[in-house]
Every structure is written in C-alpha cells, then in structure tokens.
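Protein chains get the first letters and strands the later ones, always in sequence-line order, with residue 1 at the start of each.
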Amino acid sequence: MWGVNSSFMRYDFKAIEAKWQGYWAQAQTYKAEGPSDKPKYYVLDMFPYPSGAGLHVGHPLGYIASDIYARYKRLCGYNVLHPQGYDSFGLPAEQYAIETGQHPATTTEQNIQRYREQLDRLGFSFDWSCEVRTSDPDYFRWTQWIFLKLYDAWYDKTSDKARPVSELLEIFLKEGNSNLLASCDENTPVFSAQEWQAMDKDQQADILLKYRLTYLAETEVNWCPYLGTVLANDEIVNGLSERGGHPVVRKKMTQWIMRISAYAPRLLAGLDDIDWTFALKESQRNWIGKSVGALVHFEVKDSVHKVSVFTTRPDTIFGVSFVTLAPEHALVLELTTAEQRNAVLDYIQTTARRSERDRMADVKSISGVFTGSYVLHPFTKKPLPIWIGDYVLAGYGTGAVMAVPCGDQRDHDFAKFFELPIPNIFKGIDVEQEAFVEKAGFQIQNSDFLNDLDYASAMKVVIEHLESAEVGQGQTNFRLRDAVFSRQRYWGEPFPIYYVNGRPEPIDPKYLPIKLPQVDQYLPTEDGAPPLGRATQWAWDTAKKSVVDNSHIDHITVFPLELNTMPGWAGSAWYFFRYMDVQNDKEFASPAAMAYWKQVDLYIGGSEHATGHLLYSRFWTKFLYDLGIVPVDEPFKKLINQGMILGTSAFVHRVEGTATFLSKDQVKGEKTQLIHVDVNMVDASNQLNIEQFKNWRKDFSDATFVTNAQGQFVVEREVEKMSKSKYNVVNPDEICDQYGADSLRMYEMFLGPLEQAKPWNTAGISGVYNFLNKLWRLYIDDENNLKVTDAKASAASLKTLHKSIKKVKEDIEGFSFNTSVSTFMIAVNEFSAQSCNSKEVLEPLLILISPYAPHISEELWHRLGHNSSVTAQLFPKFDEGLLVEQTKVYPVSFNGKMRFTLELPLDLDATAIEQAVLKYDKTVAQLAGSVPKKVIIVPGKIINIVQ
RNA sequence: GCUCAAGUGGCGGAAUUGGUAGACGCGCUGGAUUCAAAAUCCAGUUCUUUCGGGAGUGUGGGUUCGAUUCCCACCUUGAGUACCA
C-alpha cells in the first residue's frame, strides 16, 4: 500500500475506465448513424463462437486492431459501422448438453454474457445496438429464408448467374433442356418440351432438384455409430474417432448439398478485385483449383461403351500407352473380362477396405490390375489396355485418366511397375528413368499432326482435332466440390423443408422461422435418426401450419419434416448484411441500408477460415447479388488476418520415475520429464512458487524440490499455442485488473506486426503501463492538478507533434499498429524532456492516442475542459514544413563523372544549402577528393552538386 | 513432394523509393532516492579491440558509389495443401 502514499501518483485506471465505459454505453457514443450523406466505413471482426472457457489474451488482438481502425475512421469524419455479435450455434454447446442435459440455449446465453463482460472491459467502440446471434430465431429466420431462395434457384451458364426456378420451368415448357447451359447433376436426362409436359409432377420435381442450387444427394460420409454423427476427415485417427476412439465406417447418406461449384469461375475471378493478402487469395485459388485441358473419349474395343478422361495435357495424346480407371469407376465391372474378373474383384475389395485417408497417405506403393479390355486410341485406333488403379481418384475429373508414361511421373511409375510400354513423344529427351513433366523446352515427335510443335501450339491444334473428329473437346475443370450442408446435430438451424413421398417440399417463407423443437435428449435416436427425430412432429407448430396449407396434401400426419440441421457456416455466411439493419422484421436488411453500407470495407479475422467461411460468404453474396437482393457481389473489400498470440508454457523437470523436481539450472545430465505447470504460478524471472504448485497438484505435495544456490526454483519455458490444457492461458481480466484496459490494448499492438504469430509475455507490459503513467504526468501534477497551459508551444515540441501525427496516420493506414506505440513513447519522452505543457500540442496528442488508449485519452480530454468526446474530434493534420529532417549527401556516378545528390528540405535558402554541403564535406572529400564547387538546385527535394 | 511466408542483439521487434542497422520496449549493469524494499528518475547495453578502429542483418555468390532491402543458389523454421490427371 506504499504506492498510494508515495509522492508519485499513478493514474487511477480502474475508476477512469469504468467511468468512461459507462458513459459511452449510456450516451451511445459509438452508435452508427443510419444511411446519411456522410461517407460510410464498415469495419468488421469475425464474430466469436462463445465458448465456455471465456476469452484469453489472444482473442482480442484482432478486435483491438479493428477498434483502432474504426476509431481512426471516425476521427477522419466517416460514419462508421463497427458491430459485434455471436456465432452461437455450434458443437461444444451441444456436447455439453448431451453430457448434462442442459439446453444448449441456456449455456450459450451464459457464455455470451461472460464474453460480453470481458469485451466490455476492453473499451471497444462496438455498436451493440445491432448485435446479432446466429442461434436467435429472429436471425436464423433469414438464414432459412436464404436457404429457400437457394432451393428456388438454378444457375444459368449462358447469362452466368443464378435465376429463379420459375424461369427454368418456362424454358422447360417451351423448349425442354436440350439447348440449356446450366449447372446440374451429370446424370440429368435430355428432354424436349413435349417430353417435359408428358412427365408427371413427381418426375418433374426429380428433374428440377437436379438443377436447384441446393439439392439432395447421396454422399459417402465418415459415420461414427457410437457418437451418432458424421465426422470430418481430420476428426478420424487410424479409422477411429479422435474423440473417444470409436470405430468409424463409410456410410452413404442422403444430404443437402450446396452447388458452390456453379460459382467456381466467378469465385476465382472475383479474387482479382479484392484487397486480400496474396497468401490468402492463393489458398482460395488452390482450393478452387482451376485446370485447363480437354475431355477425351476413348471407344472401348468390341463394346458400345466409351471411357472419357480429363487431361491437362492433350498435347501428349500420342504418348498414351494405357488407360487407368479408379476402382470405383462405374464401368469397371462391365469392362472386366471373365479371366480377369476375380483379380479385379479382389483389388476392388482391398482398396475399399482402406480408408481414403490411408490411400492418400500411402503414395509410394503402386498397385493396380488389368481389366482384360482395351480402348482404341482416338486418332491411331491402336488398342490400349484398360487398367484400374487406386492412384486414380473417383472424385476428380471423370475418375479415369489417359496414362502418358513419358509425360507424367505417376503414369511412368505405374508403367515401369507393370512393364507397360513408355512411348517417347519428346524429341531428344530421355524418358527412360523418369517422366518429362515440363510444359516448355520440348518439341513433339512420333505424334502425327502434332510433330515438331511446342506445348502452346500443340494444345491448340490437338483440341481442334479432337473437336472436329468428335472424340473430345477443350474443357476447364475445377477442384472445388459441392458443399455438404446437412449435419446430424441438434444445435443448428432447422431446414424449412418437409417431405411428401420422400420428395422435399419447401415450407412457405411466411411461416419462418422454423424453431428448434424441444427434445428429451440431444443424442441421435436409437434407429440412427438425428436428434430432431426425438421431437414429435406436432412440436413443430409453424411447420405444421405450412403442411396444412399445402393444398395437394391429403394426409398431413404422415409427412415428415427434415431432421438434419444446417452446418456452422450457414449463419456466418451472410451475417455482415444483417448488421446493417438488424431490427428489420420484413427483410434481412432493407435495400436502402444495403445501398448505403454496401460491403465490409475492412474485415479482420484469423486465416484458418480461408477455405471455409470466407469462401462460403463469397458464394452466398454472389448468389444474393444475382437475385438482386444485395447490391454487391463481394462481401469483404479488404481483409486482414491477425496472427495468433502464442502462450509461453512453463515446465518443471522431474527426474524420471521419481518425485524429485529439479530447478532448470540444477539439471546435470539426469533424465527428466517435463511437466506443464500453470504459468500463473511462475513470476517474471521464471521462478516457480513451490507452495502454490504443491497446492495445485496434491499428488506432488510430498515431492522434493531441488532449488539453486539462491534458493530459487527455475522453470523451463517454451512457446506453444495458448490452450487450457497447456496451462499457459493468460486471462485479459487479470491484465485489466493489474494494468488496465488501455495498457492491454497498447501492449497487444506493441507485441509485433498484426499479421504475425507472436508469443505473449506478461512481463513486457510494464513498458506501456509506464508510458501511460508518463502520459498522465504530462498533463496532471502530483497534486492531481492540470499542468497544461495556454502558452505557445515551442518549435521543437511542434515538430515532435507533427512528426507523430504523420507517423501515426501512416501506421494506422498501413496497419502497422506496433510502430505507432513507439511513436507515442518517443513523443511523450520528448515532451517531458522539453518540459512541454502547451495545450497547443497536448490536445492533438490526445486525439492521436485515443484510438489506442481511449479511456485515458477521454479522461484527460475532459480534464482539459471539453464537454464533447475526444472521438468526436477530427484527426489533426500535420504540417509538412515542420518535418524537415537532416541533410544527406550521396555520391552518384553519371557519365563517368562523379556527381552528388543531396537530399534537402524545400525551404532552405542558399546559405543553408552551403552549410549543409560543408557539413558533409568530409564525406564528399573522402569520396571525390575535394569539396564540390557548384551546387545546382533542381525541382523537388533533390539537389545535384557538380564538381 | 508442392505453394506461401519468414530468418536482424539476451528477448519482442524498428529501419520510407536501396542511403548513419539495431528505433521503441523488455531484460540486464551502474548511479540517484529510500532505514530498507517497491515504485520512480538518470546513464549504459550488437560483438570485438592494442580505444585508432575492425566485424556485423541465416550461408555463399552477384548488381551498385552504397544492400537488412534487389537478383541467383543453398540452409533453417513456420503455415497451408496433398496421388487433382
């Protein structure tokens, strides 16, 4: 308690922060204006999933950065929308519900409150009046509404946009689908207008479903019967579930699928127009995976069948020596001859037993089997053997490849292994040992009409030949697969769908939202239906009404509702539009609000969403744009990925097999195990509080602790991901208690570049904490009186101020928040040294610092006598004339003679220039042997000095 | 394997278009203050040195009057992705 009485006053951050947080909330200081004449700026964070663990210091990093930017934009006169919400549907709440029987809504609500308390302490300028929660029926009503829009839409490749199904019906009615270019199921039959009209309602419905942007299809999934759910590939380890170690089987399930593949070309092209990092765009490009090539059809010898393959290298068509099908390929059994039948069946069985993951992991071993059949080369008509092999994936292209051993390493390996021919089509290149895979630096040989051509011309010529001979055509393939949209879970959005004779029917939008029914348990039912199957049909009031409404249904009770729920990404794929007009109960946002706010100008979040959320959001935005619902076709103009804040774990050395713990400096060759200890029991100099440790781990209360000569027990340190299980979590609440929110905000920015991963180290925070106290003492004396006067500022302090304004402005606009903290420190140190107490510089300084440390700035601003908020001010402008720096002389070689370039400020007169030159005469003389005789001034800052 | 990013003091990290490398902070050292501690303030802190200087931004080359910055090769680390025909 000595500190309170000491002559040096520390600023009372607790009182100040509480005071201004309350004031901002009450005055709604950060509420965005509605559509107005002011220029707008939309700053968005990726909204959090409210987990039970609460926030650790890593979570707010991006929020602090976006808050600084939002505050800066307000200071620049923008109407800023800076909202926050919760991605509140999710698996952990459901798992907790399964274990405890508590409704996920209850725990979610508790977690949200905890998050809100923690966020509020940090002084964010969020406009909470437009908070969204994805699990709120008033919100997911619109998620369901968008789903219905997708259900009621198809993709027209001719106009390259989505259109309503009603327009598709008109086309079918008039001309059938033979001229239609649309994204649809591969197995869609071709029909005329007459044939369409002759179909019954059910047949028509089945056809339409093949065109819808969300459709039902059977897909293979990883099913864990024990957990009663589908698992993602990375949730499986060695064929067992990661959680619990239960067996996982491949199972076919009918699921809702999103036809994102229809948008692949536009999702790729759109990347060129948005301001994202190269790395992030690159990972989306890879994910979309465009490859340009050709489809080639091979006739099967003595058969009506054809094998179609996709290849990116049709120029190597004369190098084909066999064709390989995936074991799952539809034609495999039909093409297998009687002699090969057993071998092929064996092979299919063996590969089926291996999971997809094993197959992918095991790249080196080569396996395959001959089917006994042959295809005919499209040009030479030479018979080529058909093989099956598991290096060909059923899911990509056509599930079949034309094997060119001289031009593809996998084909080469396969050919060598099974002693198949390796014809060489590359002139003068040896392909005996390995394939030649370059796309340049060769001329083609042994290839009929392609001889002597290079890659580019051969590609062009061969596609012309394929098309004129009607044995293939140029084609572009995408790797992007349609996205499975069904989850066998409880805590997600219900689908607005019911079934009539097994066919889906949409629920009328006027009955939305379809709320989650009450269930007795959150597990799947005994017969394997999703948890929603536990609810009685009539628990679904609104759904029931819709079924009753449907006039062509007679026996309402037999028509089941969709029991799956939507995946986590559904609610997050459009939430940025809802913030614009959150109270609206007629539309998800009004056209006026969307016309004003348009799109997110700055989006900050983690890069782990590169191929999930960020891709799906772009997909839904483009879709809504096609229907004229939203005015933009890209949701996020600029995107920044904040790096992770890592934890610094602490470990103790335990001598193996004993209960003896050694201080780090006492380990002398003993075999030790490292055991995690809670970082909160370790001080800044890496000393462990042994008593606390014994208390924490009762099983070690009798253990021996070997300390060093100073009686200290030193722990081992290591940087790891911050996580509860590693006991390295630092809670922002504790930092706020000890140093205040402004210190935490500044320190997180000061740690390093925003986009870089960096370790947390609580010890370093004293630097910014001391800085804020120095800042305080610049304005307030030890008797708590204002020191600031109306006196004119000195030239030196004005220069310091304007340098700082320029630097901070550049830093914020370039997202280099770390260096502006240094700038503040330098400014305050210089002002202290200059004994500066002029309002003229100290007022602008507060405005400058306010985005970083809003509480202390606001307090001092009011102490200076202002009634308004510091954030209502305008960001100060810097005076270029004050920013004159030192002069520099550099020698420049020109036409063999030595010339000198001198960087000088604009406002220097001739005498000053001469002085500047003389000041550097030593350098110049060293370089040129003498002092320059003549100084020539050219426009701008550059002055040439000629010998 | 492929793609991307990054290697600078004891540590986190600065350095504008190629122009005084190590800003700023932590830590450490010394001093002031204190009965003492905490806190605060001041000075020092890349290495090396015969105190003139010399070396130095992962390694080896190159371009340049001048390179942390640009080019080539290599090494290391991190992230993503994976039989995509």
- Round to the nearest Å and state the distance from A:L646 atom CG to B:G78 atom P. 12 Å
- Task: Rounded to whole angstrom, note down the C1' distance from B:G12 over to B:C28.
- Result: 16 Å
- Per the glycosidic torsion and the 90° limit around 0, nucleotide B:G62 is anti
- Item | Proximal nucleotide (of B:G12, B:C4, B:C24) relative to the A:I826 side chain | B:C24
- Message: Can you tell me which nucleotide in B:U40, B:G25, B:A85 comes closest to the side chain of A:S291?
- Response: B:A85
- Item | Atom-pair distance (CD on A:E282; C1' on B:U3), nearest Å | 7 Å
- Report which part of the nucleic acid A:D411 touches: base, sugar-phosphate, or nothing (heavy-atom distance under 4.0 Å, all strands). nothing
- Query: Looking for any heavy atom pair under 4.0 Å, which part of the strands does A:N761 touch: base, sugar-phosphate only, or nothing?
  - Reply: nothing
- Message: Under 4.0 Å from OP1 or OP2 of B:U40: is there any side-chain N or O of A:N770 that close?
- Response: yes
- Round to the nearest Å and state the distance from A:E748 atom CD to B:C24 atom P. 23 Å
- Task: Check the pair A:F824, A:L775 against side chain to side chain contact (heavy atoms under 4.5 Å, CB included), reporting the backbone distance first and the verdict last.
- Result: CA-CA 9 Å; A:F824 296 139; A:L775 178 74; over 6 Å; no
- Taking atom NZ of A:K721 as the centre, report whether more than 12 heavy atoms of other residues, nucleotides or ligands fall under 6.0 Å from it. no
- Item | Between B:C24 (P) and A:Y852 (OH): distance, integer Å | 18 Å
- Query: In whole Å, what separates the P atom of B:A73 from that of B:C2?
  - Reply: 14 Å
- Consider the side chain of A:A279, meaning its heavy atoms from C-beta on, and name the nucleotide among B:C4, B:G12, B:C41 that approaches it most closely. B:C4
- In Watson-Crick or G-U wobble terms, with both distances under 3.5 Å, the base opposite B:U63 is none
- Message: Please determine whether a side-chain nitrogen or oxygen atom of A:R410 lies at a distance below 4.0 Å from atom OP1 or OP2 of B:C84.
- Response: yes
- Task: Map A:K758 and A:Y396 onto RNA chain B by nearest heavy atom, then report which one ends up closer to the 5' terminus.
- Result: A:K758
- Message: Using the rule given for side chain to side chain contact (heavy atoms under 4.5 Å, CB included), can you reason through A:L754 versus A:F817, listing the C-alpha separation, both sets of side-chain angles and the distance that settles it, and then say yes or no?
- Response: CA-CA 7 Å; A:L754 181 62; A:F817 301 113; 3.9 Å; yes
- Let me know the distance between CD of A:E810 and P of B:A23, rounded to the nearest Å. 21 Å
- Message: Checking side-chain polar atoms at under 3.5 Å, does A:Y396 have a donor or acceptor matched by the opposite partner on A:S291?
- Response: yes
- Message: Anti or syn, where syn is a glycosidic angle within 90° of 0; which label fits B:G10?
- Response: anti
- Counterpart base for B:A79, defined by Watson-Crick or G-U wobble contacts under 3.5 Å: B:U3
- Message: Does B:U81 have OP1 or OP2 under 4.0 Å away from a side-chain N or O of A:R479?
- Response: no
- Item | Distance, C1' atom - from B:U17 to B:U68, rounded to whole angstrom | 16 Å
- Quantified in whole Å, what is the P atom distance between nucleotide B:C72 and nucleotide B:A21? 26 Å
- Is A:K290 touching bases, backbone alone, or none of the nucleic acid, heavy atoms closer than 4.0 Å? nothing
- Message: Could you tell me how far B:G27 sits from B:A38 if I compare only their P atoms? Round to whole Å.
- Response: 13 Å
- Complementary nucleotide for B:U17 - Watson-Crick or wobble, under 3.5 Å: none
- Please report, rounded to the nearest Å, how far the P atom of B:A85 is from the CZ atom of A:F414. 18 Å
- Task: Starting from P on B:A38, measure out to OH on A:Y769 and report it in whole angstrom.
- Result: 16 Å
- Across all strands shown, which nucleotide pairs with B:U69 by Watson-Crick or G-U wobble geometry, both distances under 3.5 Å? none
- Checking B:C26, B:C83, B:G12 against the side chain of A:L393 (C-beta onward), the nearest is B:C83
- Taking everything shown except A:K290 itself, do over 12 heavy atoms lie less than 6.0 Å from its NZ? no
- Which part of the nucleic acid, if any, lies within reach of A:S766 when heavy atoms closer than 4.0 Å are counted: base, sugar-phosphate only, or nothing? sugar-phosphate
- Item | Counterpart base for B:C28, defined by Watson-Crick or G-U wobble contacts under 3.5 Å | B:G44
- Message: Using OP1 and OP2 only, check whether a side-chain N or O of A:T819 sits under 4.0 Å from B:A15.
- Response: no
- Task: Return the 5'-most residue of the pair A:N286, A:K806 with respect to RNA chain B, ranking by each residue's nearest nucleotide.
- Result: A:N286
- Nearest-Å distance, CH2 (A:W287) to P (B:C2)? 21 Å
- Item | Among B:A85, B:C4, B:C83, the one nearest A:T312 by side-chain distance | B:A85
- Item | Separation between the C1' atoms of B:A82 and B:C71, rounded to whole Å | 31 Å
- Task: Under the side chain to side chain contact (heavy atoms under 4.5 Å, CB included) rule, what do A:M722 and A:L646 come out as? Steps first, then yes or no, please.
- Result: CA-CA 5 Å; A:M722 202 173 270; A:L646 304 165; over 6 Å; no
- Message: In whole Å, measure the gap between the P atoms of B:C70 and B:A14 for me.
- Response: 16 Å
- Message: Salt bridge check, A:E282 against A:R285: does any charged N sit closer than 4.0 Å to a carboxylate O?
- Response: yes
- Query: Counting any heavy atom closer than 4.0 Å, what does A:N818 reach on the DNA or RNA strands: base, sugar-phosphate only, or nothing?
  - Reply: sugar-phosphate
- Per A:K774 side chain, nearest of listed nucleotides B:A85, B:C41, B:C24: B:C41
- Message: Using atom C1' in both nucleotides, what's the gap between B:U45 and B:A23 to the nearest angstrom?
- Response: 15 Å
- Residues A:L280, A:S607; criterion side chain to side chain contact (heavy atoms under 4.5 Å, CB included); working and verdict: CA-CA 7 Å; A:L280 202 87; A:S607 58; 4.3 Å; yes
- Query: At under 4.0 Å, does any side-chain N or O of A:Q756 touch on OP1 or OP2 of B:A6?
  - Reply: no
